[in-house]
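In what follows, chains carry the letters A, B, and so on, assigned in the order in which the sequence lines appear, proteins first and then strands, with residues in each chain numbered from 1. In what follows, every heavy atom counts, from backbone to side chain, and hydrogens, waters and symmetry copies are set aside.
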Amino acid sequence: METRSRRTFLAVCLGGIGAAAACLTTYPLIRYLAPRQGEAARKKVAIPSAEVPEGGAKFFEFDGSTAVLIRKKGGDIVALSAVCTHLGCIVQWQKENEQFLCPCHGGLYTADGAVVSGPPPKPLEKIPFVLNGGSILVG
Amino acid sequence: MPLFKKLFDWLEVRIGVRELAEKELTSYLLPRTINVWYSMGSILLAIFALQVVTGILLMVYYVPDADKAFKSVTAIMNEVPFGWLIRLCHAVGSNMMVLILLFHMFSVLFMGSYKSPRELNWLSGFILFNLVLGISLTGYLLPWSQLSFWATTVATNSVGAIPYVGGYLTEFLRGGKLVGPPTLGRFFALHVALLPLLIASVVAIHLFLLERIGVSSPPFGQENSANRWEGDRFRYEDHPGGIPFFPNYLLQDMTSIFVYLAFFFAVVFFAPSIFFPFDAFSPANPFQTPAHIKPEWYFLANYQTLKLFPNEFIGLMVQGVAMTFLAVLPFLDRGKERHPLKRPLFMLCAIGGIALYLALMIWGHYS
């Protein structure tokens, strides 16, 4: 069996203590700087139906991001993430064409979030909702 | 290791790291009689580094707005994971920095290390002491608690005692007639930008002087403890046959830093309340002054001095004279002797001064 010198033993001990100290310092640091748990958890958002007129859109904060509710000309309601799937800009609702336009690079989406043209690789994310009396419960 | 060696060789051929390390570490010799008091500066550097790191971390969540500051500090303490630890380290660290600075100054005083040719070392150290008091004062306001609000009101009020310009100076300092949101903005800028920059610059000058002039020999453990400086020309004070900085004295420095950290964390974990009186936990209310508002311990002697004199201006003048005397001490004390026991007049003044400082501090606390 290989015998270890006192110097090696002390170096290993010192390294161990150093590693433990580094962990004790790093763990609180990461916890301190990490985004807070729970705050970003999905909370249902209630939007009064009257705030979404026919052909209109209502942008609101949802799940730490931006979402949009639209009521199409036929009366159908759609809830979508308003974050463009290309580079994360917030899309704009074009009432006349019933389309979403991303102002950053010209990505075009239908009212249901499907890509019409431009660089977006994916459609806008759909968000579930229920009609609850006079309000729309999103989430 | 080959990678490390390659990196070392790469640097060696470009900037001569081997020669640099030898000059600054292994061949940098210190007096054989050097003692633990010489490591106070290293402890202070470690504290300053810790203050900078914890200060930057606090800025992640702190909001320098009078309506939100207290709430943000409360959130740091109660909601942000380990926020309490970062904030306590910063708050306790600021007190410790003043304490260790005082120890550093006392050791320099008693060992006569401020004497020629080290007048500039003393002067730069004295400036650092004042800057540290300034950064502590400005940081004290930031939590926007009753304690910080009213302690700052009292502290900035003292400036008003200066004849003719006092009123204007107070208003200038506060950014208004009373302490308020503009004061917070000013103190925040001073605390996080100007004062740290100034402290870092003066620390650099202080270290340059230490390096350029050489470390002084302690007056203990040698027959002739008189100052050997001749004053005819510049001479680097070397210590042939001394101990190398690396690894010998670095080990002492590290030991001192870890002993300090043990004491520091003992306060942070087991007794942080000594630096947080009751009024530190309620938000600032400009319409209600709490009873018995007092400044931090390191301003208690100044606070009591101001109260002792019937005229505030005389109180300020007395403090100004005392501080000026301390600043120019190396220019007044021209004696060659450095051993404290061979300087009876100095010992009398120094011990008397420290006793008076402590007495005023205790008096101020209980008054």
Side-chain angles (χ1 to χ4, degrees), chain A residues 1-47 58-67 81-84 87-90 104 127 137-139, chain B residues 1 4 43 46-63 68 71-93 246-248 250-270 272:
Chain A
M1 191 178 136
E2 191 188 335
T3 52
R4 286 190 168 181
S5 69
R6 187 188 303 180
R7 183 178 288 251
T8 315
F9 173 73
L10 286 174
V12 170
C13 287
L14 199 65
I17 293 169
C23 291
L24 278 174
T25 314
T26 314
Y27 177 69
L29 255 181
I30 291 172
R31 287 291 314 278
Y32 181 81
L33 292 171
R36 306 251 282 282
Q37 295 293 318
E39 201 166 280
R42 283 197 170 210
K43 277 186 193 160
K44 291 188 182 213
V45 179
I47 308 281
K58 166 82 181 170
F59 287 80
F60 58 97
E61 204 182 315
F62 175 74
D63 193 19
S65 181
T66 307
S81 162
V83 181
C84 177
L87 289 175
C89 299
I90 301 300
C104 291
I127 301 171
L137 200 59
V138 185
Chain B
M1 277 304 161
F4 179 74
I43 299 178
I47 300 177
F48 183 59
L50 207 60
Q51 288 302 98
V52 170
V53 171
T54 51
I56 291 171
L57 288 172
L58 285 175
M59 275 179 20
V60 173
Y61 294 106
Y62 174 75
V63 186
K68 296 172 186 163
K71 211 176 155 195
S72 67
V73 173
T74 310
I76 290 171
M77 288 295 279
N78 299 318
E79 291 165 30
V80 180
F82 295 99
W84 59 272
L85 181 63
I86 306 289
R87 199 222 164 178
L88 287 181
C89 281
H90 197 71
V92 173
F246 180 85
N248 298 47
L250 186 68
L251 195 63
Q252 174 62 66
D253 271 346
M254 294 310 290
T255 308
S256 301
I257 289 170
F258 278 101
V259 167
Y260 161 77
L261 285 177
F263 179 64
F264 167 72
F265 282 118
V267 176
V268 166
F269 289 120
F270 301 110

When you look at [atom1] of [X], are more than 12 heavy atoms from neighbouring residues, nucleotides or ligands closer to it than 6.0 Å?
X      : atom1 : value
B:F246 : CZ    : no
B:F258 : CZ    : no
A:F60  : CZ    : yes

Margin query: Heavy-atom cut-off 4.5 Å, strictly under: side chain, backbone, both or neither for B:L58 against chain A?
Written below: both
Margin query: Is it the case that the side chain of A:Y32 and the backbone of B:L85 share a donor-acceptor pair, with hydrogens and angles ignored and the cut-off at 3.5 Å?
Written below: no
Item checked: Euclidean distance, B:Y61 OH relative to A:L33 CG, rounded to 0.5 Å -> 6.0 Å
